[in-house]
Structures are given as structure tokens and as C-alpha cells.
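Single-structure report; data block below.
Here, residue 1 is the first one in the sequence, and each next residue gets the next number. Excluded from the calculations below are hydrogen atoms, water molecules and symmetry mates; all remaining heavy atoms, backbone and side chain alike, are included.
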Amino acid sequence: MPELIRPTARLHSSWLAAREEWGLDAHMDGAGLGSDDDVESPGGFAAWVERLHGYADRTVPVEQGRVHATYWWIAEDDTYLGAIDLRHHLNAFLLDAGGHIGYSVRPSERRRGLAGWALESVLHEARVMGMDRVLLTCDPDNSASVRTIERGGGVLEDVRETLIGPKCRYWIDL
């Protein structure tokens, strides 16, 4: 059975294998990976995992351009299957293009319903945090994400051109 877990350095080799499936230059939504993060070395990976944990602590300021967020990994046994994050609030960029929740599932594990299951779990966490609605975005040609978001209760607000290309913007009332 898959589960949502806190990011952990224990899954380093499985995470690297998943990244290989996406391709080294691919963006992994919901993972919190920055272009300058060292995830190759065990020490660099462990430091990145600790930074992900720190982003959830609202008492600690985050770097310019970031917002507080909670990160989870979708895992089964010792296998990394994907990631999902809940951003605690939106800055201008996230309101336009990124949303409150980002997620991705490694290519070899798609079509199992993992994204929808993870989204449902994180919507519960958003309710617990006191949010009354959340924004999710996806590329217009990503039919799998469109279906996942709509099944999760997403109502399309608009499709707009953003700094990172066209995005469908969906709101989910909690």
C-alpha cells in the first residue's frame, strides 16, 4: 500500500532512479527541488531533505521567492513513487501559475490513481490547516492532471498565459 511520508534520506537511491525516469532536466512538480540543490551525493541529498522539512516551520523565514510549504513523498515500502506539496499561502507567482498544491508521480508508477489519492489526502491536510479553498494549476495539454484535479473537486477558473507558459487554473472549495 502506498503512503504519504515525510521526505527522507533513506530513499536516496530510489529517488535518484525516479529522477532518471523523468530525465535530469525535467521539473518534478511538488518536489521542492531547486536548480542548485545537490541531490547526487548522500550528504547533499540529506541537506536538501532537511530544507524541505524546514519549509513547513512558519517561525523560520524562507528564501526570497519561496513560501512556507509542507512536502510529502508518495512511497511504497522503500520505493519513491512521487511527491506532493501544500503551500501554506500564495505569492504573486503561485497565484498566477503555481497554486497551493503541486504533485508528480514517477512515469513507471502512473495510471495507478496515486495522484488522486495523494491529492485527496493533502486536501484533508489543507482543511486541518484552516484553508477554505486551494488553487491547483496544470498545463492545458496534461489531460491526466486535468482529470485528477476535476475528480478532486476542481472548478476551472481560467486558462491563462503565465511566466512558465499556459496554465489551467482550478479552485477546490474545502
Next on the checklist: Please report the interatomic distance CD(Glu3) to CG(Leu81), rounded to the nearest 0.5 Å.
Outcome noted: 10.0 Å
Next on the checklist: With side-chain contact (heavy atoms from CB on, under 4.5 Å) as the criterion, how do Ser14 and Asp78 come out once you've worked through the C-alpha distance, each side chain's angles and the decisive distance to 0.1 Å?
Outcome noted: CA-CA 8 Å; Ser14 181; Asp78 284 332; over 6 Å; no
Checklist entry - Does the side-chain contact (heavy atoms from CB on, under 4.5 Å) test come out yes or no for Leu123 and Ile101, once each step is laid out? => result CA-CA 9 Å; Leu123 290 174; Ile101 297 173; 3.9 Å; yes
Checklist entry - Looking just at side-chain N and O atoms, do Arg87 and His68 make a donor-acceptor pair shorter than 3.5 Å? => result no
Next on the checklist: Evaluate Val134 against Leu174 for side-chain contact (heavy atoms from CB on, under 4.5 Å), listing each step before the verdict.
Outcome noted: CA-CA 8 Å; Val134 293; Leu174 302 174; 4.0 Å; yes
Next on the checklist: Going by side-chain hydrogen bond (donor to acceptor under 3.5 Å, both in side chains), name the pairs with one or both residues in residues 147-169, residues two or more places apart or in two chains.
Outcome noted: Asp96-Arg160, Asp139-Lys167, Glu150-Tyr170, Glu157-Arg169, Glu157-Trp171, Asp158-Arg160, Asp158-Arg169
Next on the checklist: Who clusters with Val128? Use side-chain heavy atoms, under 4.5 angstrom, across I, L, V, M, F, W and Y, and order the result by chain and number.
Outcome noted: none
Checklist entry - Tyr55 and Glu63: side-chain donor and acceptor closer than 3.5 Å? => result yes
Item to check | All side-chain hydrogen bond (donor to acceptor under 3.5 Å, both in side chains) counterparts of Thr59, not counting sequence neighbours | outcome: Asp57
Checklist outcome for this item: When rounded to the nearest 0.5 Å, the distance separating CZ of Phe93 from CD1 of Ile164 is 4.0 Å
Checklist entry - Can you name the side-chain contact (heavy atoms from CB on, under 4.5 Å) partners of Ser108, sequence neighbours left out? => result Glu21, Arg106
Checklist entry - Can you name the residues that form a ring pair (Phe, Tyr, Trp, His ring centres under 6.0 Å) with His12, not counting sequence neighbours? => result Phe45
Item to check | From Trp48 atom CH2 to Ser41 atom OG, the distance as rounded to the nearest 0.5 Å | outcome: 12.5 Å
Checklist entry - Where the side chain of Ser121 meets the backbone of Trp117, is there a donor-acceptor pair that is under 3.5 Å apart? => result yes
Item to check | same_hphob_cluster(Leu33, Trp72) at 4.5 Å side-chain heavy-atom cutoff | outcome: no
Next on the checklist: Apply side-chain contact (heavy atoms from CB on, under 4.5 Å) to residues Arg112 and Val105 and explain how you reach the verdict.
Outcome noted: CA-CA 10 Å; Arg112 291 181 53 193; Val105 174; over 6 Å; no
Item to check | For Thr70, all residues meeting side-chain hydrogen bond (donor to acceptor under 3.5 Å, both in side chains), sequence neighbours excluded | outcome: His88
Item to check | Any side-chain heavy-atom pair of His100 and Asp85 under 4.5 Å | outcome: no
Checklist entry - Quick one: does Asp132's side chain have a donor or acceptor within less than 3.5 Å of a partner on Asp173's backbone? => result no
